[in-house]
There are 2 protein chains.
Amino acid sequence: MGVSALTVSRFFNHPERVSEELRQRIGEAVSALGYVPNLVAGSLASARSRIVGMVIPNISGPIFANTIQGFSDTLSRHGYQLLLASSYFSPEQEENAVRAFLGWSPAALVVTSHFHSEGTEKLLAGTDIPVVEIWDYQPERAPIQVGFQHYDVGEMAVRHLLGKGYRRIAFVLNSAAGDFSALDRRDGYAAILEAAGLQPWNFVPSIGSAPFEAGKEAMETLMQGTPKPDAIIFANDNLAAGGLLAAQRMGLRIPDDCAVMGFGDYAFAHMLLPSLSTIRPPSLAIGEMAALRVLESLGAIATTLPVQRLNRLECQLVEREST
Amino acid sequence: MGVSALTVSRFFNHPERVSEELRQRIGEAVSALGYVPNLVAGSLASARSRIVGMVIPNISGPIFANTIQGFSDTLSRHGYQLLLASSYFSPEQEENAVRAFLGWSPAALVVTSHFHSEGTEKLLAGTDIPVVEIWDYQPERAPIQVGFQHYDVGEMAVRHLLGKGYRRIAFVLNSAAGDFSALDRRDGYAAILEAAGLQPWNFVPSIGSAPFEAGKEAMETLMQGTPKPDAIIFANDNLAAGGLLAAQRMGLRIPDDCAVMGFGDYAFAHMLLPSLSTIRPPSLAIGEMAALRVLESLGAIATTLPVQRLNRLECQLVEREST
DNA sequence: TTGTAAGCGTTATCAT
DNA sequence: ATGATAACGCTTACAA
């Protein structure tokens, strides 16, 4: 490069400590040669990287995409990169991903929920980088928590329906096995209903059926039985959409014959006819806040220390035509 | 570790070259200590990493999530990790991401479409790692191509409608600026229509309006004018959903009064009433095939060499109730 | 403000 | 089958 060597490192990391003249010359050389600093070597030397790993159940579902987006965008705005893997709710896959990520000595690690394998727990406990758990909110756990409590969501749904005068409120569970969060929502639903002196009413669709079909099955079974519910809370919007469509084809008037609530506020919720009342989880906010807490922990952005460990976010009830 | 040091490297990379006894002992030590090899150091020493970078316009939209999912899953199945960034269709952001990725000396790089900044082109041309361009299919370009031609999609839609007897077929463009692919689809539409001796008919919604609203605007304007179309192709499913719902509220019968086609086969397409006929792009397959081509290029999986550079995938017409 | 020397934790190369 | 040694391309002292 003519004159300097180490100064190039300063040029990239502490430009203010390089003289105007050299900055100029180095800048030119860099763009002329298309030089890109080797971050691998840099990370090895400094024992820290600007990579953050995130393990999430899936990328393409309606739930997590916004979280990833918010997380990735916030990170990259501060020069950090996202290493991403999906677990499909499998603790083993999660552990593999965490292990692989750890090998990159990431600046921080984000995992979803609090259901981890023993191995994962060990790996996470053994590292000294910031660890964030998202989506579930478990104040008693050690990692930084960013999420909400599904129990509250169940309560919120019932309160809304009770306020609108509905009394015979059924809850349709998810047909997918392993959706523990839905059970939490159901528990919140049951608690409020019982507190109001009403009877909880669970419907469990055929396990393993597609959500859309399961919702249809629930609507048909419930509305052809006796007594009928006057409102149905579905474990998620996919189920609710199936129920809504089934109701249409059965000639039912929604919400007069039966109100319908979902969970998730998936993209289509406002496009259905009638549009679907639902509860919107703070997907994007979870991703963004997780990133902020990570960046704060790393000192990449200022904070009125210490970094807030418990971050409970709010779900939002979106009232539409179906209730 | 008692006896060995370098052998640990072999234990991880070429276990077959380590004696049974040592393998045993190292294995125990590794799991006892929770040792995770430092991939940063390994990459520096070997000048190659098991990281693959992908830059995609967005993560949370209905389009690309499946591509990312397929890509990530296929990679991780072979021990590679995904470094992900989104560009929001901004060439500058894309260039930043590519530059940052390149610093990690990734094993390969995947970018979306062929609209890059000069800087990006230079960076890509200057590297000797495999580069894949996805979604668009541009045979004359140098990188590996995995995608489809939007022009064909326009043709496919019109052929379907003509086959069903529709003649006055309108095309509703995207309200979002910068959607060049939609223009390609429109061109394919126009070509076939003209070849059939019919008149292309473009509708351009108010620029910048939300897709759902734009679709509504299109449906109302077109169906209140004279003459009316007997079929409408929307640039994507969001627009089509808006149109469909507007038609419902206007009391139109779909498809009798007017057929409706979308593009994308978004999750809600089959949940609408009537369900939406649309064209499904090979989102997942693009991700998976991109990963396969990358892995082949790297020798991570076998191939009947050389690696296929041109990979043209098929869109699929999904006929539902709206046509 | 700039430079020199050491070393980050692996793997490649060459021996044994 | 295993080991010694020298890189890999930076950053962190410390010195000039």
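We name chains A, B, ... by the order of the sequence lines, and we start the count at 1 in each one. On a predicted model such as this, the values are computed, not experimentally measured, just so you know. Computation of the quantities below employed the complete heavy-atom set of this structure, encompassing side-chain atoms and omitting hydrogens, waters and symmetry-equivalent molecules.
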Name the closest nucleotide to the R48(A) side chain, picking from dT12(D), dG9(D), dT2(D). dT12(D)
Checking all strands, does V40(A) fall into the base, sugar-phosphate, or nothing category for heavy-atom contacts under 4.0 angstrom? nothing
From CG of N38(B) over to P of dG9(D), roughly how many Å is that when rounded to an integer? 17 Å
What is the nucleic acid contact for R23(A), judged by heavy atoms within less than 4.0 Å: base, sugar-phosphate only, or nothing? nothing
Gap between atoms CD1 and C1', on I26(A) and dT2(C) respectively (whole Å): 10 Å
Atom CG of L102(B) and atom P of dC10(D): how far apart are they, to the nearest Å? 13 Å
Can you tell me the distance, in whole Å, between the CD atom of Q24(A) and the C1' atom of dT1(C)? 17 Å
Whole Å only: how far is the CZ atom of R17(A) from the P atom of dA13(D)? 11 Å
Hey, does the side chain of S43(B) come within less than 4.0 Å of dT10(C)'s phosphate (OP1/OP2), counting only N and O? no
Residue pair L44(B)/R10(B) against DNA chain D: nearer the 5' end by closest nucleotide is R10(B)
OP1 or OP2 of dT10(C) under 4.0 Å from side-chain N/O of S9(B): no
Please report the distance, rounded to the nearest Å, between CH2 in W104(A) and P in dT10(C). 13 Å
At under 4.0 Å, does any side-chain N or O of S19(B) touch on OP1 or OP2 of dT2(D)? yes
Where does the angle between the aromatic ring planes of H150(A) and W135(A) fall among parallel (under 30°), tilted (30 to 60°) and perpendicular (over 60°)? parallel
Should R309(B) and E133(B) count as an ion pair when the cut-off is N to O under 4.0 Å? no
Per N13(A) side chain, nearest of listed nucleotides dG9(C), dT11(C), dT11(D): dT11(D)
What nucleotide, of dT11(C), dT2(C), dG3(D), holds the atom closest to the side chain of T7(B)? dG3(D)
Between dT2(D) (C1') and E16(B) (CD): distance, integer Å: 14 Å
Calculate the interatomic distance between R50(A) atom CZ and dT11(D) atom P; express it in whole Å. 11 Å
Closest-nucleotide 5' rank along DNA chain C - winner of A41(B) and H14(B): A41(B)
Check the angle between the aromatic planes of Y35(B) and F12(B) and answer parallel, tilted or perpendicular using the 30° and 60° thresholds. tilted
Of the nucleotides dT11(D), dT1(C), dG9(C), which one has an atom closest to the side chain of A45(A)? dT11(D)
Which of these, R25(A), E20(A), Q24(A), sits in a side chain to side chain contact (heavy atoms under 4.5 Å, CB included) with L22(A)? R25(A)
Pick out which of V52(A), V307(A), L109(A) makes a side chain to side chain contact (heavy atoms under 4.5 Å, CB included) with V294(A). V52(A)
Using a cut-off of less than 4.0 Å, is there contact between a side-chain N or O of Y35(A) and OP1 or OP2 of dC10(D)? yes
